[in-house]
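Here the structure comes first, spelled out in structure tokens, and everything after it is commentary.
Excluded from the calculations below are hydrogen atoms, water molecules and symmetry mates; all remaining heavy atoms, backbone and side chain alike, are included. Letters A, B, ... are given to chains in the order of the sequence lines, protein chains preceding strands, and every chain is numbered from 1. Given the structure is predicted, the values throughout are model-derived calculations rather than measurements.
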Amino acid sequence: MSFSERILTWYAAHKRALPWRETKNPYVIWLSEIILQQTRVEQGMPYFLRFFETFPNVTKFAAAEESEILRLWQGLGYYSRARNMHRASKQVVELHAGDFPTAYQALLELPGVGEYTAAAIAAFSKNSPHAVLDGNVFRVLSRYFGIHEPINSTAGKKLFSKLAQEMLDRDHPGDYNQAIMDFGALQCKPKNPDCSTCVLQIDCVAYQGSLVDQLPVKLKGKKSRDRFFHYFVIEKEGEVMMSQRGEGDVWANLFEFPMLETTERLAVDQLMENEAYQQLFGDAVPAVLGAEVKHLLSHQNIYARFYKLPAESLQITKKREWNYYLLENLDKLAKHKLISSFVEQNF
DNA sequence: AAAACGGGGAA
DNA sequence: TTCCCAGTTTT
């Protein structure tokens with residue numbers, strides 16, 4: 001049996017029942033694929049169901065306020081996906097008359113749709129012969145062929161892309177793509193893959209050479225930097241001051257409490273000596289709220305401290321991105337996890 | 001060619 | 001802790 005025959009046979013017996021596999025509607029597939037980028041199926045599932053229910057078609061999606069989309073996206077991470085989806089939906093309405101594209105090249109034009117997602121939508125909606133290349137496919141192919149080229153190097157991406165396309169079953173592109181991804185997720189797992197029951201065991205170079213735990217090879221990235229955030233909880237008559245973050249940094253456009261960042265961890269007396277702090281609050285003494293919160297992102301370590309301050313101590317009156325919001329309207333603002341966790345526990 | 005961009009589960 | 005998840009965009 002060929003590679004694809006084995007994969008497809010395995011798939012027939014082990015495929016996961018996933019809601020987005022029930023449709024050929026490119027809009028619905030797009031919804032699922034963007035949500036699943038760098039996101040585990042179990043984590044993305046509730047978000048998919050929520051978006052599918054709220055926006056049954058691309059026209060509804062495009063007509064929504066970006067704030068509503070961000071609010072629904074809250075907690076999922078990589079928020080640029082949500083903003084790009086909104087842009088893409090508007091593009092589909094304006095340039096394709098609301099008819100979601102299914103052609104690979106047309107899909108690539110949409111913001112947030114890269115090579116993987118374009119191939120996925122094209123193959124799943126029209127059975128177009130485009131091989132997907134995601135983390136699962138990298139892993140399965142690198143082990144099966146015993147390839148040590150790093151999967152995140154330029155040469156590696158090129159090599160695996162070509163190989164993935166060669167391995168594609170051109171008679172069943174959609175099923176083959178689903179199959180190899182499920183195979184990677186369920187059988188050829190990153191840790192402790194189930195080689196003893198593997199249908200590819202006979203031909204798998206990594207298995208035959210006892211290299212399974214060494215593949216795939218991945219270049220290590222830079223290590224995370226440390227950042228220290230000081231959040232100020234300022235309440236006034238049932239309202240609380242919130243600040244909207246700008247672009248060009250983590251959590252773009254999301255809401256949080258007014259914040260001061262320092263390069264070092266600061267004790268309260270050190271914070272009060274800080275020039276920016278004094279401009280904001282003069283010599284008002286902040287009340288420390290709870291312990292330092294450590295929030296880890298893939299590329300930075302954020303150490304956050306929350307302080308309560310009386311509204312009267314606020315010296316600055318005209319900060320464009322700062323505004324008071326009714327406590328009961330707080331859930332309408334899209335907040336990042338660090339803040340939404342705090343709000344849940346304290347409001 | 002690298003780095004930025006989130007959050008969470010598993011070992 | 002470290003790795004990695006149905007990756008894409010920006011620098």
Side-chain angles (χ1 to χ4, degrees), chain A residues 15-16 18-21 29-48 70 73-85 87-88 107-124 130-140 150-158 160-161 164 174 176-186 188-193 213 215-225 227 245 247-254 294-302 334-341:
Chain A
K15 74 177 280 190
R16 289 179 285 185
L18 302 172
W20 47 87
R21 283 181 174 165
I29 296 168
W30 167 75
L31 223 46
S32 71
E33 292 302 339
I34 304 290
I35 287 172
L36 263 20
Q37 285 170 6
Q38 293 292 286
T39 304
R40 278 167 297 101
V41 166
E42 313 83 75
Q43 190 188 358
M45 182 75 76
Y47 287 86
F48 169 78
L70 276 173
W73 197 269
Q74 188 171 184
L76 193 56
Y78 285 158
Y79 297 90
S80 67
R81 288 184 292 174
R83 291 191 302 277
N84 282 151
M85 279 180 104
R87 290 172 52 207
L107 287 162
L108 273 185
E109 299 290 318
L110 301 175
V113 175
E115 290 181 357
Y116 163 80
T117 306
I121 299 174
F124 299 151
H130 295 277
V132 295
L133 181 53
D134 74 333
N136 294 304
V137 179
F138 273 118
R139 186 168 56 254
V140 172
I151 60 173
N152 55 345
S153 68
T154 302
K157 286 179 203 160
K158 204 170 155 187
F160 281 98
S161 175
Y176 170 84
N177 278 334
Q178 297 281 14
I180 192 169
M181 288 195 286
D182 255 8
F183 184 80
L186 302 175
C188 195
K189 298 173 291 185
K191 306 267 180 67
N192 307 114
D213 58 347
L215 294 173
V217 174
K218 194 170 185 179
L219 267 19
K220 297 213 186 305
K222 222 182 65 167
K223 67 172 180 187
S224 313
R225 65 181 168 127
R227 303 177 74 176
R245 294 180 63 84
E247 312 259 1
D249 195 359
V250 72
W251 299 320
N253 301 350
L254 298 198
K294 185 176 181 180
H295 191 85
L296 301 174
L297 305 182
S298 48
H299 52 292
Q300 47 187 285
N301 308 321
I302 293 171
K335 301 171 287 295
H336 53 82
K337 198 68 187 183
L338 180 50
I339 296 300
S340 62
S341 298

- Query: Between C:dG7 atom C1' and A:Phe160 atom CZ, what is the distance in whole Å?
  - Reply: 16 Å
- Query: With respect to the phosphate group of B:dG7, does any side-chain polar atom (N or O) of A:Trp251 fall under 4.0 Å of OP1 or OP2?
  - Reply: yes
- Side chain of A:Glu33 - closest among B:dG7, C:dA6, C:dC4: C:dA6
- Query: Would you say C:dG7 has OP1 or OP2 under 4.0 Å from some side-chain N or O of A:Thr117?
  - Reply: no
- Message: In whole Å, measure the gap between the P atoms of C:dT1 and B:dC5 for me.
- Response: 23 Å
- Task: Starting at atom CG of A:Asn136, determine the distance to atom P of C:dC5, rounded to an integer number of angstrom.
- Result: 6 Å
- Mind checking the P distance from B:dA1 to C:dC5? Whole angstroms is fine. 22 Å
- Item | Donor-acceptor pair, side chain of A:Ser32 and main chain of A:Ile29, under 3.5 angstrom | yes
- Query: When you measure from the side chain of A:Gln37 to the backbone N and O of A:Gly112, does any donor-acceptor pair fall under 3.5 Å?
  - Reply: yes
- Task: By nearest nucleotide on DNA chain C, pick out whichever of A:Glu42 and A:Lys220 is the more 5' one.
- Result: A:Lys220
- Between CG of A:Asn301 and C1' of B:dG6 the distance, given in whole Å, is 13 Å
- In whole angstroms, the gap separating C1' of B:dG6 from CD1 of A:Ile302 amounts to 10 Å
- Message: At 4.0 Å (heavy atoms only), tell me whether A:Leu76 reaches a base, stays on the sugar-phosphate, or touches nothing.
- Response: base
- Does A:His299 place a side-chain N or O at less than 4.0 Å from the phosphate oxygens OP1/OP2 of B:dA3? no
- Item | Toward the 5' end of DNA chain B, by each residue's nearest nucleotide, A:Ala252 or A:Gly221 | A:Gly221
- Message: Classify A:Arg16 by what it touches in the nucleic acid, base, sugar-phosphate, or nothing, heavy-atom distance under 4.0 Å.
- Response: base
- Separation of A:Leu36 atom CG from B:dG6 atom C1', in whole Å? 15 Å
- Would you mind classifying the nucleic acid contact of A:Gly44 as base, sugar-phosphate or nothing, using non-hydrogen atoms under 4.0 angstrom? nothing
- Integer angstrom distance from the P of C:dA6 to that of B:dA10: 13 Å
- Is a side-chain N or O of A:Asn177 found less than 3.5 angstrom from the main chain of A:His130, in a donor-acceptor match? yes
- Under 4.0 angstrom between A:Gln300 side-chain N/O and B:dA4 OP1 or OP2: no
- A:Arg139 side chain N/O closer than 4.0 Å to the phosphate oxygens (OP1, OP2) of C:dC5? yes
Can you tabulate the close N/O pairs, meaning under 3.5 Å, that link protein atoms to atoms of nucleotides 9-11 of chain C?
unit_1 : atom_1 : unit_2   : atom_2 : d
C:dT9  : OP1    : A:Gly112 : N      : 2.4

- Here the gap from A:Trp251 atom CH2 to A:Leu70 atom CG, rounded to the nearest 0.5 Å, amounts to 14.5 Å
- Task: Quick one: label A:Leu254 by what it contacts on the DNA or RNA (base, sugar-phosphate, nothing), any heavy atom closer than 4.0 Å.
- Result: nothing
- Message: For A:Gln300, I'd like to know if atom CD has over 12 heavy atoms of other residues, nucleotides or ligands within 6.0 Å.
- Response: yes
- Has A:Lys191 got a side-chain N or O lying under 4.0 Å from the OP1 or OP2 atom of C:dT2? no
- Chi angles and distances behind the side chain to side chain contact (heavy atoms under 4.5 Å, CB included) call for A:Thr39, A:Arg81: CA-CA 12 Å; A:Thr39 304; A:Arg81 288 184 292 174; 3.2 Å; yes
- Query: Donor-acceptor pair, A:Asp182 side chain versus A:Arg16 backbone, under 3.5 Å?
  - Reply: yes
- Query: For A:Trp73, which contact category applies under a 4.0 Å heavy-atom criterion: base, sugar-phosphate, or nothing?
  - Reply: nothing
- Among B:dC5, C:dC4, B:dA4, the nucleotide that comes nearest once only the side chain of A:Asp249 is considered: B:dC5
- Task: Could you state the atom-to-atom distance from OH of A:Tyr78 to P of B:dA3 in whole Å?
- Result: 14 Å
- Side chain of A:Val250 (C-beta onward), nearest among C:dG7, B:dG6, B:dA4: B:dG6
- Message: Side-chain N or O of A:Lys189 versus OP1/OP2 of C:dC4: is the shortest distance under 4.0 Å?
- Response: no
- Message: Keeping A:Asn84 on the side-chain end and A:Pro111 on the backbone end, is there a donor-acceptor pair under 3.5 Å?
- Response: no
- Task: Would you check if the side chain of A:Tyr79 reaches a backbone N or O of A:Gln74 as a donor-acceptor pair within less than 3.5 Å?
- Result: no
- Task: Could you state the atom-to-atom distance from NZ of A:Lys294 to C1' of B:dG7 in whole Å?
- Result: 15 Å
- Message: Using heavy-atom distances to pick each residue's nearest nucleotide on DNA chain B, tell me which of A:Arg40 and A:Arg81 is more 5'.
- Response: A:Arg81
- Message: Please confirm whether the shortest side-chain N or O distance from A:Gln38 to OP1 or OP2 of C:dG7 is below 4.0 Å.
- Response: yes
- Rounded to whole angstrom units, what separation is found between the CD atom of A:Gln37 and the P atom of B:dG6? 13 Å
